[in-house]
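All chains are named by letter (A, B, ...) in the order of the sequence lines, taking the proteins before the strands, and each is independently numbered beginning at 1.
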There are 2 protein chains.
Amino acid sequence: MLSNSSKYAIKGVLYLALNSNRDHKVMVRDIYTVVHVPEAYLAKLLQELSRHGIISSTRGPKGGFYLSEEDRKHTLLEIVQVIDGENRLNSCVMGIRNCDMDNPCVLHKLVGGNKSKFIRVLESTKILDLVDGKQGIEEFFPL
Amino acid sequence: MLSNSSKYAIKGVLYLALNSNRDHKVMVRDIYTVVHVPEAYLAKLLQELSRHGIISSTRGPKGGFYLSEEDRKHTLLEIVQVIDGENRLNSCVMGIRNCDMDNPCVLHKLVGGNKSKFIRVLESTKILDLVDGKQGIEEFFPL
DNA sequence: CATAAAAAGGATAAAAATATCTTTTAATCT
DNA sequence: AGATTAAAAGATATTTTTATCCTTTTTATG
């Protein structure tokens with residue numbers, strides 16, 4: 001449903017949400033040990049998100065990745081779509097051909113409701129929603 | 001969430017549910033064109049299910065795969081567990097360490113509810129439930 | 001008993017996902 | 001300007017998943 005890559009990406013972004021801003025950028029090196037994702041791999045994912053304007057980055061000394069206030073308004077779904085592509089989430093849970101959310105097959109009806117709900121959650125959850133909750137920051141870690 | 005292999009397996013079993021019984025066994029050859037799964041690959045999956053006693057088979061002329069009345073009482077979850085292993089479905093949706101359904105992380109709470117529901121559907125749906133519905137057989141195909 | 005039909009099993013191949021390594025580009029700081 | 005730092009980009013490697021092929025074993029039937 002979600003690839004590892006997407007999960008990694010979300011974790012990375014969550015770290016950024018908690019620990020970065022325009023004046024405090026963080027290097028992949030600071031992130032990867034905390035979120036338990038291989039450094040180079042995480043770098044790739046963040047680069048991809050950056051290219052798509054989901055997160056921000058600058059090169060060079062004092063550079064790094066960070067989230068602007070605007071960035072924080074992006075949804076989890078946007079992250080997933082950048083990393084996994086548009087299709088993965090929308091295709092039939094059961095892999096049935098010619099079957100999607102609009103025209104669900106019999107198996108789809110069984111489980112499809114849950115899935116669309118899952119997507120709706122991703123769609124309606126902004127990055128800032130994750131952090132602005134009542135929970136303390138600690139609750140997020142270890143990721 | 002579900003591997004392709006699991007989906008293939010479920011489709012194959014569904015075909016068996018609709019088209020086989022102890023007195024009418026079917027060959028992989030009859031199934032694979034209908035459910036759009038590569039012949040040899042489907043054979044492997046069905047063999048695996050057969051070894052685990054989820055479906056039945058006999059060799060030789062007039063042999064093939066089929067579902068006994070007992071077989072039909074197996075759940076979709078059992079199929080998935082044979083094919084994907086126990087772990088895949090139970091691990092955290094977000095891939096967070098030390099997080100499972102009993103001790104959900106923050107991200108888990110967001111989406112975890114949907115997932116456990118998904119699992120509960122798989123768990124509570126027997127093979128015969130799929131076929132005994134009001135829907136006509138045609139509705140299941142093309143798979 | 002011979003033969004053919006069909007699953008079972010083993011070994012290999014191809015593709016996709018995951019991960020690492022190396023080089024390039026851009027920013028900052030002497 | 002030159003040195004250094006860090007992301008960006010590109011190339012390569014590894015692992016897992018998916019798929020195929022080929023041989024062996026079992027079994028019904030003539």
Side-chain angles (χ1 to χ4, degrees), chain A residues 1-13 15-16 20 22-33 35-67 80 82-85 87-88 91 95, chain B residues 1-13 16 20 22-33 35-67 71 80 82-85 87-88 91 95:
Chain A
M1 198 127 150
L2 280 193
S3 69
N4 276 331
S5 298
S6 273
K7 296 173 191 172
Y8 288 174
I10 291 176
K11 291 201 235 173
V13 170
Y15 181 96
L16 290 178
S20 82
R22 199 183 307 275
D23 300 320
H24 181 70
K25 294 150 188 149
V26 303
M27 295 183 292
V28 197
R29 163 180 286 265
D30 298 322
I31 312 177
Y32 86 94
T33 43
V35 301
H36 301 102
V37 176
E39 180 171 14
Y41 196 54
L42 179 61
K44 286 275 150 163
L45 296 171
L46 293 181
Q47 282 161 24
E48 189 82 7
L49 291 177
S50 179
R51 266 194 294 119
H52 282 83
I54 309 283
I55 70 179
S56 305
S57 66
T58 61
R59 297 177 176 187
K62 300 286 169 189
F65 294 96
Y66 67 99
L67 295 185
V80 171
V82 164
I83 302 296
D84 285 349
N87 226 312
R88 180 167 184 144
S91 63
Chain B
M1 196 127 152
L2 279 192
S3 70
N4 276 330
S5 297
S6 272
K7 297 172 190 172
Y8 288 174
I10 290 176
K11 291 200 236 173
V13 170
L16 290 178
S20 81
R22 200 185 307 274
D23 300 320
H24 181 70
K25 293 150 189 150
V26 302
M27 296 181 292
V28 195
R29 162 180 286 265
D30 298 323
I31 312 178
Y32 86 94
T33 44
V35 301
H36 301 102
V37 176
E39 181 171 13
Y41 196 54
L42 179 60
K44 287 276 152 164
L45 296 171
L46 293 181
Q47 281 163 26
E48 189 80 7
L49 292 177
S50 179
R51 265 193 294 120
H52 283 82
I54 310 283
I55 69 178
S56 305
S57 67
T58 62
R59 297 177 176 188
K62 300 285 169 190
F65 294 96
Y66 66 99
L67 295 185
D71 292 338
V80 171
V82 164
I83 302 298
D84 285 349
N87 227 311
R88 180 168 184 144
S91 62

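An OP1 or OP2 oxygen of D/dA8 is reached within less than 4.0 angstrom by a side-chain nitrogen or oxygen of A/Ser57. Listed pair A/Ser50 / D/dA8 meets the phosphate criterion, a side-chain N or O lying under 4.0 Å from OP1 or OP2.
Distance check, rounded to the nearest 0.5 Å: CD1 of A/Ile83 to CG of A/Leu2 gives 11.5 Å. Interatomic distance, B/Leu49 CG to B/Gln47 CD, rounded to the nearest 0.5 Å: 10.0 Å.
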Practice problem: Show the numbers, then the answer: is there a side-chain hydrogen bond (donor to acceptor under 3.5 Å, both in side chains) between A/Tyr41 and A/Ser5? | Solution: CA-CA 9 Å; A/Tyr41 196 54; A/Ser5 298; 2.5 Å; yes
Practice problem: Step by step, work out the side chain to side chain contact (heavy atoms under 4.5 Å, CB included) result for A/Tyr15 and A/Val26. | Solution: CA-CA 10 Å; A/Tyr15 181 96; A/Val26 303; 4.2 Å; yes
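The nearest whole Å value for the distance from the CG atom in A/Leu16 to the C1' atom in D/dA7 is 13 Å. We find that CG of A/Leu45 is positioned 9 Å from P of C/dA19, with the value rounded to whole Å. Atom CD of A/Glu48 and atom C1' of C/dT18 are 14 Å apart (whole Å). If you take OH of B/Tyr66 and C1' of C/dA6, they are 14 Å apart, rounded to a whole angstrom. For the pair B/Leu46 CG and C/dG9 P, the computed distance is 14 Å after rounding to whole Å. As rounded to whole Å, 12 Å separates atom C1' of D/dA8 from atom CD1 of A/Ile55. Rounded to whole Å, the distance from CZ on B/Arg51 to C1' on C/dG9 is 9 Å.
The minimum heavy-atom distance between B/Ile31 and B/Gly12, with the atom names listed, is CG2-CA, 4.4 Å. Here the shortest heavy-atom pairing between B/Ala9 and B/Leu45 reads N-CD1, 4.2 Å. Scanning all heavy atoms of the two residues, the minimum distance from B/Ala43 to B/Val28 falls at N-CG1, 3.8 Å. Shortest non-hydrogen contact noted between B/Val35 and B/Lys11 is O-NZ, 3.6 Å. Closest approach of B/Lys62 and B/Lys25 over heavy atoms only: O-CD, 3.7 Å.
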For nucleotides 16-23 of chain D, which of its nitrogen or oxygen atoms have a protein nitrogen or oxygen under 3.5 Å away, and what is each distance?
from: D/dT18; atom 1: OP1; to: B/Asn4; atom 2: N; distance (Å): 3.3
from: D/dT18; atom 1: OP1; to: B/Asn4; atom 2: ND2; distance (Å): 3.4
from: D/dT18; atom 1: OP2; to: B/Ser5; atom 2: OG; distance (Å): 3.1
from: D/dA19; atom 1: OP1; to: B/Tyr8; atom 2: OH; distance (Å): 3.3
from: D/dA19; atom 1: OP2; to: B/Tyr8; atom 2: OH; distance (Å): 3.0

Considering only nitrogen or oxygen atoms on both sides, find all protein atoms under 3.5 Å from nucleotides 1-4 of chain C and state each distance.
none

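An angle of 0°, rounded to 10°, separates the two end axes of the helix from C/dC1-D/dG30 to C/dT30-D/dA1, each defined over five pairs.
The closest side-chain heavy-atom distance from A/Arg22 to A/Tyr66 is below 4.5 Å. Between B/Val37 and B/Asn4, every side-chain heavy-atom pair lies at or beyond the 4.5 Å cut-off.
For D/dA7, its base never sits under 3.5 Å from the side chain of A/Gln47 at any donor and acceptor pair.
The salt bridge (Lys or Arg N to Asp or Glu O under 4.0 Å) check on B/Arg51 picks up B/Glu48, with sequence neighbours excluded.
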Distance-only criterion, 3.5 Å: show the donor-acceptor pairs between side-chain atoms of residues 53-61 of chain A and protein atoms not counting sequence neighbours.
from: A/Ser56; atom 1: OG; to: A/Asp71; atom 2: OD2; distance (Å): 2.5
from: A/Ser57; atom 1: OG; to: A/Ser50; atom 2: OG; distance (Å): 2.9

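For B/Arg59, the listed nucleotide lying nearest its side chain is D/dT27; candidates were D/dT27, C/dA26, C/dT28.
Contacts of residues 24-31 of chain B with DNA chain D (heavy atom under 4.0 Å): none.
In this structure, B/Ser20 contributes its side chain and B/Leu67 its backbone to a donor-acceptor pair below 3.5 Å.
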